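Computed from a predicted structure; not experimentally measured.
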Amino acid sequence: MGAVEPVVDEENGEKETKMRDEEERDVEKGEMDSQQRGFQSQPPPPPAETGGENFHMSRMQRLSATNPLRLVMNAGTRVASPSPYNAPAPAQHRQHRSFPNPFHHRHPPAPVPAPSQHLPYPVPAPVPAPSQHQPSPAPSQTRSTPAVTPQPSVITLNSRSYTNKFSLFLFLVHMIGAIGLVCFLVFKGIQGLLEAGEAQRKEKRLLKFFLPQVEVASLLSITLAFTWQKAMRMWPTFMVHFVLWGSFIFTLAAGILLICFQRPSTDGVGVVLIMFAIGNGLYSCWVTPRIKFCTKILIKSLEPVSKFGDLNRPTYLTLAAGFLWMSMWILAVIGAINFYFPPLVIIGLVLSMAWVTEVMRNVVNLTVSRVIGLYYLRGMQSSTQFCFQRALSVNLGSACLGSLFVPTIEVLRVVARALNLLEGEDEFMFCCAHCGLKIMDSIFKRGNGWAYVQIATYGKSFVKASQDTWELFDKREMETIVDSDMTSAICFLAGVCSGSICVIVIGAWTFTVYPNFTATLSLLSAYVGYLLTRIAMALPHACVSSYYVCYAENPDNRLFDKTIIQDRLNLIKTKRDVIVPTPRSVPSRFAR
């Protein structure tokens, strides 16, 4: 380049070159540490050949910044300024480290400010420090902010929020009051037993001729409950016919037996039982065409029960708790004789017992519905213990609310069916039917017994689950099938069978030892037998409900038999299967 190259020793030149190499490595090492070693330089130029053509380093550094040779050497090792938004990923840091260029003297790197992670505007590139040669600045890169799209709400299966808190609060207050009243009445009973007088003689008579019969009725009803449930799982076809006609036979036999005692009180109870038996027989004849379909659904819905060996454990625990509470309740009834207004107190105890046992039944219903529902919807084998604990805590409020509404709804369904069968020109009667059907339409959409499946599975409230479940049935055109389902009636009549058998056994026993208590103990034994049997029959009822609801939610699931419900729908649509469903709309002759 016009410069005279001095003659130096080769050894001195090599030492000076090594010293500068070490300095350049130190500078480059510090620069790469400050820049997180995320940049790779271009390959270094080939080293100078040894011999007479060696360049002297001091002469090269004296070259002007605009010298072409200096620009060529700088371009070979220039490193781009890092952008705070283009930093390589951690997996890309493993790059080959380039060797330093001995002909390029680097300036200290300018400090790079940490980019803000929440700024909506792009951060400008850092301005380098002034140097002898200023590289051209890199074009500014704008950071685009992607539009945030709202994500759809994900349905959770493990909701921790309590459902129907107000009804749960009412039930807890009721239980505190009921426990306090029972304890107080038991204390009054013990007090009357210790004091001499008429109260002592009355209570001794009750303890001798009243308490044993009720305890035996409780144990007998529990035994019958497990017998019916086991037989329902083993021989569903036989049990459907047996429950329908057995309830008729046992109720009729109990009524005739009480009339044969020839006492005014027993005659009245016997007439009521005979009238109920006649209605039971008419219903059994009416639903005979539906028995085949009911049996198919029952057999298919009970198949998953064998996969869960401990699915009956909540039923055992609930019936054990029910037996203990029933024993305390009977002692409270005996103690109410020595308290003010005994009839009102006993009526209050009877209603309290009805609500408590209905809540127990729905707790079992929720437990089985969650286990079977998750098996159908997710293919999961859930823990029965965890589902039972969840039913006793998170979903207990819905069980309390449903225990109040669902029995009322079932009664209204029977009334609606009876009104639907009436024919005539009585304007007042059909005006009442018009109003009743409107009420039924509103009730069925906001409260029904099918809601327990979605309450247990998704943790919904009682009203929300009822509405969503009915919308599913409406979407699949399953309303007619659901209305004509007789599983709930089978479970109800199984309780009637147990109650009637308890009436026969306890009534005959009481009439032989103390005839004055025959009518009272007959009614009480029927009540106890029905309530405890319904708790055990919650398992098959929950299995059938889960099958219907889960099929309506996902009919393409391989666990379902697609021909049972679909064939039934086709028969109904083609009017080859005539049924009388529960009416949910006003007849056409009254529509305006």
Side-chain angles (χ1 to χ4, degrees), residues 214 216-232 236 238-259 266 268-288 290-291 294 298 315 319 322 326 350 353-354 357-358 360-361 364-365 403 406-411 413-415 417-418 449 485-508 519 521-541 544:
V214 178
V216 171
S218 301
L219 294 175
L220 179 60
S221 61
I222 292 176
T223 304
L224 291 174
F226 284 117
T227 302
W228 304 150
Q229 190 206 90
K230 182 67 175 179
M232 188 74 71
F238 167 76
M239 280 304 297
V240 170
H241 292 84
F242 174 81
V243 169
L244 284 174
W245 295 105
S247 58
F248 164 73
I249 295 173
F250 289 131
T251 306
L252 184 62
I256 294 175
L257 177 65
L258 292 179
I259 291 178
T266 57
V269 177
V271 169
V272 172
L273 292 178
I274 290 175
M275 292 178 63
F276 183 86
I278 294 173
N280 189 2
L282 294 176
Y283 176 78
S284 300
C285 296
W286 183 45
V287 299
T288 299
R290 299 191 234 160
I291 293 178
C294 175
L298 190 60
T315 308
L319 282 176
M326 190 74 69
V350 169
M353 174 58 67
T357 52
E358 189 69 14
M360 290 181 178
R361 183 178 75 89
V364 178
N365 194 343
S403 300
V406 173
T408 307
I409 294 171
E410 295 297 331
V411 173
R413 292 181 69 187
V414 175
V415 173
R417 283 175 175 172
D485 180 72
M486 51 186 296
T487 306
S488 178
I490 294 295
C491 296
F492 170 78
L493 293 178
V496 172
C497 282
S498 298
S500 301
I501 294 175
C502 289
V503 169
I504 295 173
V505 174
I506 302 302
L521 283 174
S522 297
L523 287 176
L524 188 57
S525 60
Y527 182 69
V528 171
Y530 168 78
L531 292 178
L532 295 181
T533 302
R534 286 304 305 271
I535 295 176
M537 295 303 294
L539 188 144
H541 189 195
V544 174

Any donor and acceptor pair, going by atom type alone, linking the side chain of T251 with main-chain N or O of F248 inside 3.5 Å? no

Test your reading of the model: is there a side-chain donor-acceptor pair from Y527 to the backbone of A354, 3.5 Å cut-off? yes

Audit row: M275, V271, side-chain contact (heavy atoms from CB on, under 4.5 Å) steps and yes/no: CA-CA 6 Å; M275 292 178 63; V271 169; 4.1 Å; yes

Gap separating the [atom1] atom of [X] from the [atom2] atom of [Y], nearest 0.5 angstrom:
X    : Y    : atom1 : atom2 : value
L319 : F226 : CG    : CZ    : 4.5 Å
M360 : T315 : CE    : OG1   : 12.5 Å
M326 : L532 : CE    : CG    : 4.5 Å
L273 : I256 : CG    : CD1   : 10.5 Å
T533 : R361 : OG1   : CZ    : 12.0 Å
M239 : Q229 : CE    : CD    : 10.5 Å

If you look at every heavy atom in [X] and [Y], which pair is closest and at what distance?
X    : Y    : answer
L493 : S247 : O-CB, 3.8 Å
A217 : C502 : O-SG, 3.9 Å
G246 : C497 : C-SG, 3.7 Å
L523 : V269 : CD2-CG1, 3.8 Å
V496 : Y530 : N-CD1, 4.1 Å
R290 : D485 : NH1-N, 4.4 Å

Tested for side-chain contact (heavy atoms from CB on, under 4.5 Å) against S221, the lone hit among V216, I535, V528 is V528

Going by the angle between their ring planes, with limits at 30° and 60°, are F238 and F242 parallel, tilted or perpendicular?
parallel

Item to complete: Walk me through it: do M486 and Y283 pass the test side-chain contact (heavy atoms from CB on, under 4.5 Å)?
Response: CA-CA 11 Å; M486 51 186 296; Y283 176 78; 4.0 Å; yes

4.5 Å side-chain heavy-atom contact, S522 and T266: no

Worksheet item: Any side-chain heavy-atom pair from L244 and I291 closer than 4.5 angstrom?
Response: yes

If you apply the rule side-chain contact (heavy atoms from CB on, under 4.5 Å), what do you find for L298 with M232, and how did you get there? CA-CA 9 Å; L298 190 60; M232 188 74 71; 3.5 Å; yes

> Going through the checks in order, is the side chain to side chain donor-acceptor pair (under 3.5 Å) test met by S498 and W228?
Replying inline: CA-CA 9 Å; S498 298; W228 304 150; 2.8 Å; yes

